[in-house]
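A short write-up of the structure that comes next.
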Amino acid sequence: MGVWKAGSANYIWRYNDTRKYRSSSSSLLGEYQLPTIITALKIAPNDLCTYVGNSRGVLSMSDFREPYIQDLGVVQRDGICSIELIGEQQILVGTQSGDIELYDVRFARNDGKPGPLRSFKLPTDTAASQIQACPSSPHRVFACSSGKNVYIYLNEVDSGALPVFTHLGHQTAVADFRWHPGQGYDYTIGSIETGGEGGRGLIQVWRPADLIVNDWQLGRM
């Protein structure tokens, strides 16, 4: 499977791929170099393309079958710091200022310039460091880490922009988190913090209150 990396010179390249990628708007051949720092990257599950966000808030897409990188016309108000794909048709984009927006990825195939399908917001103006859809209900529930907290959102028309649950158990910044993919562990998350001066951060395994989870499973939220 191809792997995309951001090198020290801010190039995008694919492992074991001899082609040179260029901007679709440029007539010059050669590697494609973004004008700003690459801050987020997500490979599609089918390995046919990758989505790239930069520090200016521009979202781009690279189709592995084409020799160029396509600007999708999506510009955020602040730098993009996280990208998550939901199935084959939706993408969540998080910014440095705590905005999270949901898009339909099919616009990439017809050169459309879409607005977001839905917008979400962190309670504080901090970066949406990492976004992950819940494997138990990927089209309805996702989580976002920011600072010391992990926030859980409902991806529904009438769910509102703010999180429905906040995990406040960490004492230092959350370095990473993962949803448990196995049956019997629905809506369970493992999260790890950076730790203090000694570097001893806690690993916590948790889930939202059973009352909230029951509502999700019954479709009442």
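For this chain, numbers begin at 1 and follow the sequence in order.
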Stepwise side-chain contact (heavy atoms from CB on, under 4.5 Å) check, V141 with F165: CA-CA 11 Å; V141 181; F165 183 87; over 6 Å; no
Does a side-chain heavy-atom distance below 4.5 Å link [X] with [Y]?
X	Y	value
L92	N155	no
Y187	I152	no
I131	C144	yes
V174	S129	no
L117	Q90	yes

Looking only at heavy atoms, which two atoms of [X] and [Y] are closest? And how far apart?
X	Y	result
A161	S119	CB-O, 3.7 Å
L41	I83	N-CD1, 4.3 Å
T166	L168	CG2-CD2, 3.4 Å
E84	A133	OE2-N, 2.8 Å
A44	L85	CA-CD1, 3.6 Å
I80	L59	CD1-N, 3.9 Å

When you measure from the side chain of [X] to the backbone N and O of [Y], does any donor-acceptor pair fall under 3.5 Å?
X	Y	result
S97	D125	no
T172	G195	yes
E193	Q171	yes
T50	K42	yes
S82	A128	yes
Q130	S145	no
R140	E156	no

So, taking the atom named [atom1] in [X] and the one named [atom2] in [Y], what distance separates them when rounded to the nearest 0.5 Å?
X	Y	atom1	atom2	result
D186	S137	CG	OG	9.5 Å
C81	Q96	SG	CD	4.5 Å
D99	K121	CG	NZ	4.0 Å

Audit row: T124, N149, side-chain contact (heavy atoms from CB on, under 4.5 Å) steps and yes/no: CA-CA 11 Å; T124 57; N149 303 328; over 6 Å; no
F177 reachable from I192 in the ILVMFWY side-chain graph, under 4.5 Å edges: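 No, because I192 and F177 fall into different hydrophobic clusters, even though each may have its own neighbours under 4.5 Å.
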Co-membership, hydrophobic cluster, residues V164 and W206, 4.5 Å side-chain: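 Cluster IDs for V164 and W206 match.
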ring-ring contact (aromatic ring centres under 6.0 Å, His included) involving F120 - partner list, sequence neighbours excluded: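 For F120 the ring-ring contact (aromatic ring centres under 6.0 Å, His included) partners, ignoring immediate neighbours, are F142, Y153.
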Check against side-chain contact (heavy atoms from CB on, under 4.5 Å), Y185 and S136: CA-CA 9 Å; Y185 295 92; S136 303; over 6 Å; no
